[in-house]
Amino acid sequence: FHPAREPANYLIRVEWKEPKGDPKFLEVLTTEGQFNLNTIQKNSVKINNNDVPVTLKFSGTLKELSDEKGRLQLFLGRTVPYVTGTSGGGPNASASYSQMSVGLDSAFIIKFGKPIVIQTDENGEISVLVKRITD
């Protein structure tokens, strides 16, 4: 017979490093189960002197396996605006643009309190840290 575990909160921190610029991060507090975050990145992309926001989506499911380990399924994505065409000419030219969705969908075992790199490419790397919050 296993005594029921005390329910706990978990802090999930995702950090990504880009070749130029400071590391960026997101933190979400959740219990076991699903979480879902949609937000806008502070730095927008400039298209024809218009600030076009970059949206971030962070969602997933956390399952505790033991006091030290959990299984994290996550989706980390963002929309990236890109120019699809221009009309007019000179200083009054206007750009039409679309949003492309890019992201990572993955599941892995994590050790609470220990960061793990979940993606690396020429744009940098993404790491995740899950901390069990005890009062």
Side-chain angles (χ1 to χ4, degrees):
F1 172 73
H2 295 294
R5 265 204 210 107
E6 280 291 302
N9 282 328
Y10 296 89
L11 185 70
I12 303 175
R13 178 186 172 101
V14 177
E15 189 171 298
W16 58 100
K17 299 185 177 85
E18 291 165 359
K20 300 189 270 284
D22 299 321
K24 296 185 172 64
F25 70 92
L26 273 178
E27 287 186 348
V28 175
L29 186 71
T30 184
T31 59
E32 266 196 289
Q34 288 187 307
F35 59 90
N36 198 342
L37 171 71
N38 287 292
T39 185
I40 291 180
Q41 221 171 282
K42 192 177 70 176
N43 308 14
S44 43
V45 174
K46 270 209 185 314
I47 295 182
N48 276 53
N49 294 326
N50 295 327
D51 283 331
V52 180
V54 174
T55 61
L56 290 171
K57 180 171 171 58
F58 180 43
S59 61
T61 308
L62 177 65
K63 183 170 176 18
E64 185 184 284
L65 301 175
S66 71
D67 286 345
E68 298 100 53
K69 285 186 179 174
R71 180 181 184 277
L72 182 62
Q73 180 276 317
L74 69 72
F75 173 76
L76 177 65
R78 59 185 171 173
T79 58
V80 180
Y82 64 98
V83 175
T84 53
T86 52
S87 58
N92 299 328
S94 67
S96 51
Y97 65 91
S98 260
Q99 300 270 27
M100 180 171 57
S101 187
V102 294
L104 167 72
D105 198 342
S106 183
F108 35 84
I109 303 300
I110 43 112
K111 273 191 174 168
F112 299 132
K114 194 169 186 237
I116 180 173
V117 174
I118 57 169
Q119 189 202 338
T120 306
D121 62 20
E122 67 217 9
N123 299 315
E125 68 175 39
I126 301 173
S127 63
V128 170
L129 171 66
V130 181
K131 276 189 200 161
R132 191 179 176 149
I133 306 294
T134 51
D135 15 294

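Computed over heavy atoms, backbone and side chain alike; hydrogens, waters and symmetry mates excluded.
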In terms of side-chain geometry, is the basic nitrogen of R13 or E27 positioned less than 4.0 Å from the acidic oxygen of its partner?
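So R13 pairs with E27 through a salt bridge.
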Could you check whether K17 pairs with D22 (Lys NZ or Arg NE/NH1/NH2 to Asp/Glu carboxylate O, under 4.0 Å)?
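Looking at K17 and D22, the cut-off is not met.
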[X]: partners by side chain to side chain donor-acceptor pair (under 3.5 Å), with sequence neighbours left out:
X    : answer
N38  : none
S59  : none
E125 : none
S66  : none

L65: which other cluster members, linking ILVMFWY side chains closer than 4.5 Å, directly or transitively?
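Reading the cluster by chain and number, L65 sits alongside I109.
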Taking the hydrophobic residues Ile, Leu, Val, Met, Phe, Trp and Tyr, and joining any pair whose side-chain heavy atoms are under 4.5 Å apart, which ones share a cluster with V102?
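Members other than V102 - counting any ILVMFWY side chain reachable under 4.5 Å - are V80, Y82, M100.
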If you take all heavy atoms of I12 and F35, which pair is closest and at what distance?
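Nearest pair, atom of I12 first, then F35: CD1-CE2, 3.5 Å.
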Between the side chain of T79 and the main-chain N/O of T55, is any donor-acceptor distance below 3.5 Å?
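Side chain of T79 to backbone of T55, a donor-acceptor pair under 3.5 Å: yes, one is there.
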Would you say the side-chain atoms of T84 pair up with the backbone N or O of S96, donor to acceptor, closer than 3.5 Å?
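Confirmed, T84 side chain pairs with S96 backbone.
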Any chance you could lay out the side-chain hydrogen bond (donor to acceptor under 3.5 Å, both in side chains) test for D121 and Q119, step after step, and finish with the verdict?
CA-CA 7 Å; D121 62 20; Q119 189 202 338; 3.0 Å; yes
Indicate yes or no: at least one non-hydrogen side-chain atom of E32 is less than 4.5 angstrom from one of K63.
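Touching, per the 4.5 Å side-chain cut-off.
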Using 0.5 Å steps for rounding, measure from the OG1 atom of T30 to the CD1 atom of I133.
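Taking OG1 in T30 and CD1 in I133, the distance rounds to 11.5 Å.
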Please assess L74 against V128 for the test side-chain contact (heavy atoms from CB on, under 4.5 Å), listing each intermediate value before the final yes or no.
CA-CA 10 Å; L74 69 72; V128 170; 3.8 Å; yes
Verify same cluster id: F112, L29 (apolar side-chain graph, 4.5 Å)
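Different hydrophobic clusters.
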Take atom NZ in K131; do more than 12 heavy atoms of anything else shown fall under 6.0 Å from it?
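It does not: K131 NZ has 12 such atoms or fewer within range.
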